[in-house]
Each structure stands twice: as C-alpha cells, then as structure tokens.
Amino acid sequence: MTAGPAHRAPTASASAGRRPNPTCGISPMLNRRSLDPEQRTLYGANLQPPAGYVFDAAVATTFSLDFETALAVPVSLALFAAENRDDILSHPLALLEGAERIAGRLVVFTDAGHIQASARPHSRLCSLLERIIVEVAAPQGGAFHPKMWALRFTPLQPEDPARLRLLILSRNLTRDRSWDIAATLDGVITRQPKAVNRPVADFLRQLPDLATVGVPDGTKTLVDDLAEDMRRAEWSLSEPFQSVSFAVNGLGGKPWRPEPCVRLGVVSPFCDDQTLSMLAGLASAEKPIFIGRSDELAQVPGTTLDGFARVAVLDEMAATEDGEEEDAAALQGLHAKAFIAERGWDTAITVGSGNATRPALLTGSNVEIFTTLTGKRSRVGSVEEILGDKGFGRLTRPFVRDETGAADAAQRAAEARLDQARREICRSGLTLRCERGEHAADGAPVWRVWLIPSKPLPLTGLGALRVWPITRGEGHARDVLEPLRQGQPADLGAMPLVDLTRFLACHLTDETEDVSILFSTGLKMEGLPAERHAAILRWVIDSKDAFFRYLRLLLSELGDPFAAALAAQDGSGQGVWRAASDDAPILEEMVRAFCRGGDQLRAIERLIARLETGDGDDTDPIPAEFRALWNTFRIALATQDAAHAE
C-alpha cells in the first residue's frame, strides 16, 4: 500500500530476512492479499517522521527490551535512520545526542524483570536510559504484554498540522528476528474526541500508575498530553480497509476475544488447551486454521487440535526462499499474532500482543492491546487466501506431534520457581544506596554501592542469586541470596563515578534443577551524585576531535538527517569529513544558528558547562581557541536574550 508523503495508510506486517527487522504489508499490492510475506518494511522506518515533519513526543510499551535496541531508538527518532541497529551503536556521539534530544519526550514502559541482560559490560551510555525506561506490573497479576508506539510529529512549516502515528505490534523492543506483525496508523489531531480511540487513550493514561519504582519527572504530563491527542485522532484509512477499532485487556472490564464468525484463522506462537477449545467453536462454516509453534502445540491434547481444519508450524526452510544461509537463522521462530475472521461480506484482521492463551484472552490477567482492521472480503482476502498456500501459509508445514521434545515437568517447575523469584525481586521495594568511598590506586574517587532490602525476601527455590551493575559485567558479580533472605544490605563493590547505574543484572539459579535466568531491573538509587551525567558526557567526549564532532551534531538542523549522520562519523575516514572539520565551517554554522534564534548555541553552552574542568590541562577536550571564540557568542546570546525580555 502506498500513500502520499504526509501520511501512510494502515499496514500490518511480518518481520523476516536479513534486513533490520523488516516487515510485510497487510494490504494487497500487485494482486497480493493481506499479510503477504513479500510485503516487508523496516521496523525502524515506522518510527521515522513523515516528510516535512520532525519527532516531537512518544510513548512506547513492550513486554521485554534490550538495552542496545532501546539506546538506538532515540537516534532513529531524533537524528537519522540507519540500515540496522549496529550502524547506530557504532556511533557513541550519536547515541549521546539522541538521548539528549529526546530527554523528557520519550518514555518506554516495560514489564518489570524482563529487560534483557548480558554477562559482558553494557555501554555506560545505557545509564542515560534511566530517564526513559519505566518498569511496570500488570494489576491483575499477569504479564504486562502490550507492544505499542504512540508518536507525535510537528511540522517544519508552521501552517501544517501536527501528525500522529499509532503502531500496534506483536514484536518487543529487542533484536529478535522472528516473524512478527505490525499495524501502522497515521492521522491528524481534530477538535472533537473520537469514541473509537477511547481504549487507546485510557490505556495511555493508566500507564504511570502501573510503575513499580516510580516514574521520571514529567512522565505523567507527557503521557496525559499524548493520550488527549490520541483521543482526538482521525486516522487515514486507505483501501482495502473501511473501519478500525481498538481493545485493551487486563485493565478492567470484559477481555477482548474473537467473536463467532463464518471462518477463522489464527496465528499465535503460544497457546493452551482451554483457549484453543474456545477458538475451535467460533467458526460456523468450517473448522478454523491454526498456525503456532511445535513446542507449544505438543502440550495440547490431540482431541483439541482435532477441532481445527489445519494445524501448522513455521517451516524455516520454506521461509528462506532465497536459500541464503545467513537468512536461515534470522527467519527461525514465530512471534506474530493475528486473528482473521470472515463475517458476512467482510474480513476482519486483528493484530496485537495477545496470544491464544488464558491470561491473554480468557482471564484478562495479562495487559494486552489489539487493533482490528475490517474491509470487504473481496479486497482484504479470505482466511484461506491470507493463511493458505498462496499467502502466509506457504511458509508453513503441518504440525507433527512426535518431532519435538517438550520440556519435562521438573524443568517447567524450576522455570516457574525462577519466574516467581523474578517477580519477588522486582516488586519487593529493593533499593540501591551510593556512598563515596576511598580513592582508587590512581587517585580517582570511587563510590561504593549497597543493595538494600526493605524486608527479608524468601526467594524460595533459589540456589544462587548473583547481581552486578550492567556497566561492570559478570566479572564484578556478588552473590546476594543470603543477605536478602536475612533482610541485610549487600555490598556490590566500589566503582568509578561513570559506572554508577541503577540498572542491575540478576542471574538466578534454581536450587535443584540445572535451570537459570538472566535479566536486568532498575532500582531506586539513593545518593547518586548529581555529576554522574556529566561524567558520562566527558567519557564520550574525550578528545578535541570528539568535541568538534559533537558540536556538529548540536548544530545539525532539525529535519536534516544527512548532516546529523555525517557529524556522527568517527573521524577515521578520509575526504569529505576531514574537509568539513576545519574551523571555518564550524564558525559559519554557529553564525547561522545565532541568526535562527540561538537555540542550538544554548545547547552548546550547556555542553561546555558540563565539560568544564577548570584545570586547563591536556584532558580538557575543549580547545583554548574555541573557548575564546565562544566568549564572543556568549555575549551575543546574552544581548539577544535581553532584547527578547524587553
């Protein structure tokens, strides 16, 4: 489906292939039906502003996330797009400036205890995500499972209206390469609220109240403002869809579930007996189609599966249509969720976060979000056309029960114990205390960090609990199981200022089975030095070359991704960058910034204040010549501010 430069029509897609999180379109193009796996777009492209617009604000929700992907998002939103996440991660200056530009304008809500961790040290820049990531818990005791983006873009031309985008996805904010589906809606803000948008607006407003460790300053105002805009959104629906609706489970009220229909097709990696029995009884004309995962289907009785006309799983060999080996790993695994229902002359496609499970569809204990796009069956496609051999079904094969070994009962019990301990850790009120310690051998100051329980924690069934700050890596792990069980503080060691973070990696090992989990969670930190943020800044901007490249990022204009990408380069290249890095272009850009009102120059002033060392030695990344030049601009800015105040 195509649309004009100012908006895109709603799409749903399934990610696969070598490209970074590509997706395939929901609507027919070139005589293709909805959810055709050949219609793919980049996940990151869905976050890019429409032509003539810049990012203004966003609220995202996800069940799980990894730090690197989350760190790359601000760059995609505020600076420039890249072909893949690793391209962005290779530019620390861009990561720093991306986080600075979206500070206070982006918040990501994620299920407490499901931030992915690593044994290796994470970048110290990940500590900047403390202002963005908010861990939450589902109020009904299940999982906080919705995957959604609500974005607002402002125009470069004042006469143009602000625009909104809503993404309802099946994928998390991780590097996972499984097949996924996403629905994208673009629209404008109207004066009158729209009844259809109420579930989304109410969902957004409740998010801050679900936080387990509070929210950053300004979060509630940001969320409320965006919720009000979403309430009044008018979405651009293009062919073949004629209507859209939304539903949220897990926050009160009757849970959404598929309704009786003529024909039904379901794509869901996770499933259970009771939910599949419910789905099997919904279609009146013929038995439904179900596409899932072998290990999950192996747990369902054969009598239940007999209620479906076809039960299939993803065929990784079929999915790798071009036969390239490096794609094979990327295409393994199904994570998409979709419910396709034929009713009368219409076909309705529901996509979102919910699996075919009791917590998602029956009990409402999980928080889930869905959107349903409806259009004429002749245009959208029938269940068979969408999921059959000519559609997504060509990437599947029949499920064979004996081909997979299900986890035994002992392992499942161990996994349940570890998950319960994870919840206990994340919701028990643990805090961190930071104290200034003795100087290191090189004379640099260090800070000691303590893990403080508010009460003894049972942590039943654990054999070990090792934790470490994510910036330090597993080599600095401490076993804190016994201190926490006794309600005593645990010493996490001494570290330099730049390593201080409220994000801990937690490695839990079962007491009896050889089963463990590794995750990260963010705790409230008392005594965090105010200068920690500046220390991270100085760690990144560690040379005169890095300082000038960061200046270029600050001076790059909104809506000019090429200039931002050029400024983010590491300086090791030849030609264009070296030719652009002499003093004259910097001076010209600063003069132009002053003529535009000086906002970018005020950002430079804040940068210099944070980098100020006061000793004038070789560790100062700010050249003395630039300091002299900057004093001239500082006087000019003060004069400009005084004139505006009159």
Pairing donors with acceptors under 3.5 angstrom, does anything connect the side chains of Gln116 and Ser520? no
Judged by modelled atom types alone, do Thr174 and Asp66 share a side-chain donor-acceptor pair under 3.5 Å? no
With a 6.0 Å cut-off (strictly less than), is the heavy-atom count around [atom1] of [X], excluding the residue itself, greater than 12?
X      : atom1 : answer
Asn631 : CG    : yes
Glu234 : CD    : no
Arg198 : CZ    : no
Lys524 : NZ    : no

Return the [atom1] to [atom2] distance between [X] and [Y], rounded to the nearest 0.5 Å.
X      : Y      : atom1 : atom2 : result
Thr154 : Tyr53  : OG1   : OH    : 9.0 Å
Phe519 : Cys506 : CZ    : SG    : 4.0 Å
Met148 : Leu169 : CE    : CG    : 9.0 Å
Leu492 : Leu504 : CG    : CG    : 6.0 Å
Leu207 : Lys220 : CG    : NZ    : 10.0 Å
Ile132 : Ile102 : CD1   : CD1   : 3.5 Å

Apply the test side chain to side chain donor-acceptor pair (under 3.5 Å) to residues Thr521 and Glu135: give CA-CA distance (whole Å), side-chain angles for both, the deciding distance (0.1 Å), then the verdict. CA-CA 8 Å; Thr521 188; Glu135 290 181 88; 3.0 Å; yes
Side chains of Ser123 and Trp539: closer than 4.5 Å at any heavy-atom pair? yes
Would you say Cys126 and Phe503 make side-chain contact, with heavy atoms under 4.5 Å? no
Pair Ile168, Thr184 - check side chain to side chain contact (heavy atoms under 4.5 Å, CB included), show working. CA-CA 7 Å; Ile168 306 293; Thr184 305; over 6 Å; no
Is the ring centre of Phe547 less than 6.0 Å from the ring centre of Phe626? yes
CA sep, side-chain torsions, deciding dist, call: Asp186, Ser236, side chain to side chain donor-acceptor pair (under 3.5 Å): CA-CA 6 Å; Asp186 280 88; Ser236 301; over 6 Å; no
Any Lys/Arg nitrogen of [X] or [Y] sitting under 4.0 Å from an Asp/Glu carboxylate oxygen of the other?
X      : Y      : value
Arg120 : Glu68  : yes
Arg538 : Asp542 : no
Glu130 : Arg532 : yes

If you apply the rule salt bridge (charged side-chain N to carboxylate O under 4.0 Å, His left out), what do you find for Asp499 with Arg124, and how did you get there? CA-CA 6 Å; Asp499 279 348; Arg124 290 160 170 168; 2.6 Å; yes
Say whether, by atom type as modelled, one donor and one acceptor occur between the side chain of Arg163 and the main chain of Val188 under 3.5 angstrom. no
Going through the checks in order, is the side chain to side chain contact (heavy atoms under 4.5 Å, CB included) test met by Leu607 and Leu537? CA-CA 9 Å; Leu607 170 68; Leu537 197 72; 3.7 Å; yes
Residue pair Asp176, Arg171: steps toward the salt bridge (charged side-chain N to carboxylate O under 4.0 Å, His left out) verdict: CA-CA 8 Å; Asp176 180 59; Arg171 70 167 297 117; 5.4 Å; no
Using the salt bridge (charged side-chain N to carboxylate O under 4.0 Å, His left out) rule, take Arg131 and Glu100 through it: C-alpha gap first, then chi angles, then the decisive distance, then the call. CA-CA 10 Å; Arg131 302 178 295 177; Glu100 291 288 305; 3.6 Å; yes
Fit a plane to each ring of His114 and Phe63, take the angle between them on a 0 to 90° scale, and name the class: parallel (under 30°), tilted (30 to 60°) or perpendicular (over 60°). tilted
Set out, in order, the CA-CA distance, both residues' side-chain angles and the distance that settles side chain to side chain donor-acceptor pair (under 3.5 Å) for Ser353 and Glu368, then state yes or no. CA-CA 6 Å; Ser353 61; Glu368 310 278 6; 2.6 Å; yes
Working for side chain to side chain contact (heavy atoms under 4.5 Å, CB included), residues Trp179 and His335: CA-CA 5 Å; Trp179 287 83; His335 199 254; over 6 Å; no
Thr61 and Phe144: side chain to side chain contact (heavy atoms under 4.5 Å, CB included), yes or no, with the steps? CA-CA 9 Å; Thr61 63; Phe144 179 83; 4.0 Å; yes
Testing the basics here: between Gln48 and Arg165, what is the closest heavy-atom pair and its distance to 0.1 Å? O-NH1, 2.6 Å
